[in-house]
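Below is one structure; the comments refer to it alone.
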Amino acid sequence: MFLGLDLGTSGLKALLMDDAGQVRASAQAPLSVARPRSGWSEQDPAHWIGACRAAVTALSRDHGQDMGAVVALGLSGQMHGATVIDAADRVLNPAILWNDTRAHTEAAAMDADPQFRAKTGNIVFPGFTAPKLAWLARQDPDRFDAAAKVLLPKDYLRLWLTGDYLSDLSDASGTAWLDVGARDWSDDLLAATGLTRDHMPGLVEGSAPGGALRAAVAAELGLPAGIPVAGGAGDNAASAVGVGVVEPGTAFLSLGTSGVLFVASAGYAPDPDTALHTFCHALPERWHQMGVILSATDALAWAGGVLGTAPETLTADLGDLAAPGRALFLPYLGGERTPHNDAQVRGALIGIEHATDRAALVRAVLEGVTFAFLDSLRAMQATGTAPARLIAVGGGSRSRAWLAMLATALGLPVDVPVAGDFGAAYGAARLGAMAAGHLTPGAASVPDMARTVVPDPALADAFAAGHARYMATYSALKELS
């Protein structure tokens, strides 16, 4: 048996996989996000450990015999979060999360330094880890000086599980301290933010061992002591392993809290001007590119909150695909990454008239997120890395209406896996199996597909026109929001 742990923004998921790759059981524990100021997003790392205890002990309670047969564990997690600890491993401040944009000034200053793009292959986005430490150094220098280690969220969880300061290369790619082509920390970039290699965890490939489970924690969780904990991956790279997107040119589209268009590549070919991310994959000698939008299902959840209706109910009554309406939504609830790199912009809803009803508003929200994905695809097309088809993953992929919209706007077939769990926790379990020698690195098969959603050519021009209006609206309103 293999256990995958995925530390997300809204919860931690524990998944039990057998040696045939079948999911035997899973459990989840919720997490909440604190937003003390506009643009801020924080969590208490102690809550991550509490969620891990809750989810894993629930599995041990209901599946004790299977949990006793676990031979390896893999980790996945939300990326970019700054978890700062002192020499006694005490957390110095709430973890600053991936969707926190308070460090936009520091990020812009770093991005203006040519060595950052040259070594990382990426724009320095405000959500990345390095500018958050620069913000801390400016706002609270005493706390910055007390920092002994800076850990990503899943690697703080690893510290509790194993006692080791380690990270994997896919997750480390999103810090703005990693030389992504060389797959190692950059001493020059660390020095530029007043840090050294001593402040960083060691690095391992995602499919390699990254520590062993401590006896005390193993006894508490109902797991065998000493089992290897894989290096693991950032959530998107783990999802890619879970859904079999490991060969060059294969791709998935993730409709989660954020939205991701992810394509695997064999080599390192960055193009930071596009605002695409070029990161190490979770497997050795592989990389990937992805476009990231900050609000995907999060935008639908916002609409549900305003309308007092569960998001899944909002999408259930939309009926057949139709051309975009007059109502238009910009989904920039907390800024945007690809392609704008604009932390300050905020969302907008325009074209409202007397005839605008709830269905029209919901369609506008889904269309806005769809057009944001099209922005990422256009960036990939400009770099020559665009995929020929996509696999849909994430909670939003359960909406047939949304998938029809995406397939038509992007002009790509969208494959929908059979019922099952092939997400980040499953990918983490696969990485655990690789670390234990039970699965060859790279041997991550694609699941069977239940159906394929194809573009509707009769509506292609209407969606192209809608996207043109969407881009024009961003240009017109970005200074006003």
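- Side-chain polar atoms of Thr129 and Trp177 form no donor-acceptor pair below 3.5 angstrom.
- Between Cys52 and Leu5 the shortest side-chain heavy-atom distance falls below 4.5 Å.
- Side chain to side chain, His467 and Asp375 meet the donor-acceptor criterion of an N or O pair below 3.5 Å.
- The ring pair (Phe, Tyr, Trp, His ring centres under 6.0 Å) test with His281 singles out one residue from Tyr268, Phe262, Trp287, and that residue is Phe262.
- For the pair Arg337 and Phe125, the cation sits on the ring face: its NZ or CZ lies under 6.0 Å from the ring centre, inside 45° of the axis.
- The existence of a salt bridge linking Lys13 and Asp6 is excluded, since no basic side-chain nitrogen approaches an acidic carboxylate oxygen closer than 4.0 Å.
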Pair Tyr474-Val345, side chain to side chain contact (heavy atoms under 4.5 Å, CB included): steps then yes or no: CA-CA 9 Å; Tyr474 166 75; Val345 70; 3.9 Å; yes
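- Remark: Lys132 does not engage Asp100 in a salt bridge, criterion side-chain N to carboxylate O under 4.0 Å.
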| request: Check the pair Trp302, Phe329 against ring pair (Phe, Tyr, Trp, His ring centres under 6.0 Å), reporting the backbone distance first and the verdict last. | output: CA-CA 12 Å; Trp302 167 82; Phe329 177 70; 5.6 Å; yes
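- A salt bridge does not link Arg158 to Asp164: none of the charged nitrogens lies less than 4.0 Å from a carboxylate oxygen.
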- Message: Applying salt bridge (charged side-chain N to carboxylate O under 4.0 Å, His left out) to Glu247 and Arg286, what does each step give before you reach the verdict?
- Response: CA-CA 9 Å; Glu247 294 301 323; Arg286 302 191 191 201; 3.4 Å; yes
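- Ring pair Tyr470/Phe371 is tilted by interplanar angle, where 30° to 60° counts as tilted.
- For CZ of Arg400, the number of neighbouring non-hydrogen atoms (other residues, nucleotides, ligands) closer than 6.0 Å is 12 at most.
- For the atom pair OG1 (Thr338) and CE (Met380), the distance works out to 8.0 Å, reported to the nearest 0.5 Å.
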Could you go step by step and tell me if Thr370 and Trp402 meet the side-chain hydrogen bond (donor to acceptor under 3.5 Å, both in side chains) rule?
CA-CA 8 Å; Thr370 296; Trp402 206 352; 3.3 Å; yes
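- What you find for Gly121 and Pro270 is that their closest heavy atoms are O-CB, 3.4 Å.
- If you take CG on Leu330 and OG on Ser295, they are separated by 11.5 Å, rounding to the nearest 0.5 Å.
- For Arg398, the CZ atom counts as loosely surrounded, since its 6.0 Å shell holds 12 or fewer non-hydrogen atoms of other residues, nucleotides or ligands.
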Salt bridge (charged side-chain N to carboxylate O under 4.0 Å, His left out) evaluation trace for Glu42 with Arg35:
CA-CA 6 Å; Glu42 301 178 341; Arg35 300 184 184 276; over 6 Å; no
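- Between Leu328 and Glu367, the closest side-chain pair of non-hydrogen atoms is not below 4.5 Å.
- The minimum heavy-atom distance linking Ser207 with Pro284 is given by the pair OG-CD, 3.5 Å.
- Rounded to the nearest 0.5 angstrom, Ile391 CD1 and Thr452 OG1 are separated by 10.0 Å.
- The structure places CZ of Arg24 at 4.5 Å from CG of Asp66, a figure rounded to the nearest 0.5 Å.
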*Can you check side chain to side chain contact (heavy atoms under 4.5 Å, CB included) on Glu336 and Val292, steps first, answer last?*
CA-CA 8 Å; Glu336 190 56 297; Val292 176; over 6 Å; no
Given the rule in the side chain to side chain contact (heavy atoms under 4.5 Å, CB included) test, do Leu203 and Leu166 qualify, once you have shown the distances and angles that lead to the verdict?
-> CA-CA 6 Å; Leu203 292 170; Leu166 290 170; over 6 Å; no
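- For the atom pair CG of Leu410 and CZ of Arg378, the computed distance is 9.0 Å after rounding to the nearest 0.5 Å.
- Taken to the nearest 0.5 Å, the OG atom of Ser397 stands 12.0 Å off from the CG atom of Leu390.
- Here the closest non-hydrogen pair linking Pro224 and Gly68 is CG-O, 3.4 Å.
- Heavy-atom neighbours of Glu285 CD from other residues, nucleotides or ligands within 6.0 Å: at or below the threshold of 12.
- Residues Val263 and Thr250 form no side-chain contact, since every pair of their non-hydrogen atoms from C-beta on lies 4.5 Å or further apart.
- Shortest non-hydrogen contact noted between Thr101 and Gly334 is CG2-O, 3.6 Å.
- Scanning both residues, Ala299 and Leu333, for their nearest heavy atoms gives CA-CD1, 3.9 Å.
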For His63 and Met1: C-alpha separation, side-chain torsions, deciding distance, then whether side chain to side chain contact (heavy atoms under 4.5 Å, CB included) applies.
CA-CA 11 Å; His63 305 275; Met1 295 291 173; over 6 Å; no
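- Side chain to side chain, Ser445 and Arg430 meet the donor-acceptor criterion of an N or O pair below 3.5 Å.
- Counting heavy atoms of neighbouring residues, nucleotides and ligands inside a 6.0 Å radius, atom CG of Asp357 exceeds 12 of them.
- No hydrogens or angles considered: nothing links the side chains of Thr356 and Arg326 as a donor-acceptor pair under 3.5 Å.
- No salt bridge links Asp415 with Arg451; every basic N to acidic carboxylate O contact stays at or beyond 4.0 Å.
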| request: Evaluate ring pair (Phe, Tyr, Trp, His ring centres under 6.0 Å) for Phe252 paired with His288, printing each intermediate quantity in order. | output: CA-CA 11 Å; Phe252 73 80; His288 67 83; 8.7 Å; no
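- Leu159 places none of its side-chain heavy atoms less than 4.5 Å from the side chain of Leu161.
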Margin query: Does Asp456 form a side-chain hydrogen bond (donor to acceptor under 3.5 Å, both in side chains) with Thr408? I'd like the steps, not just the answer.
Written below: CA-CA 5 Å; Asp456 184 344; Thr408 298; 5.5 Å; no
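- Contact record, Cys280 with Val180: SG-O, 3.5 Å, taken as the closest heavy-atom pair.
- Tested against Gln289 for a side-chain hydrogen bond (donor to acceptor under 3.5 Å, both in side chains), the candidates Thr385, Thr274, Asp271 yield a single pass: Thr385.
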Asn99 and Ser41: side-chain hydrogen bond (donor to acceptor under 3.5 Å, both in side chains), yes or no, with the steps? CA-CA 6 Å; Asn99 52 355; Ser41 181; 2.7 Å; yes
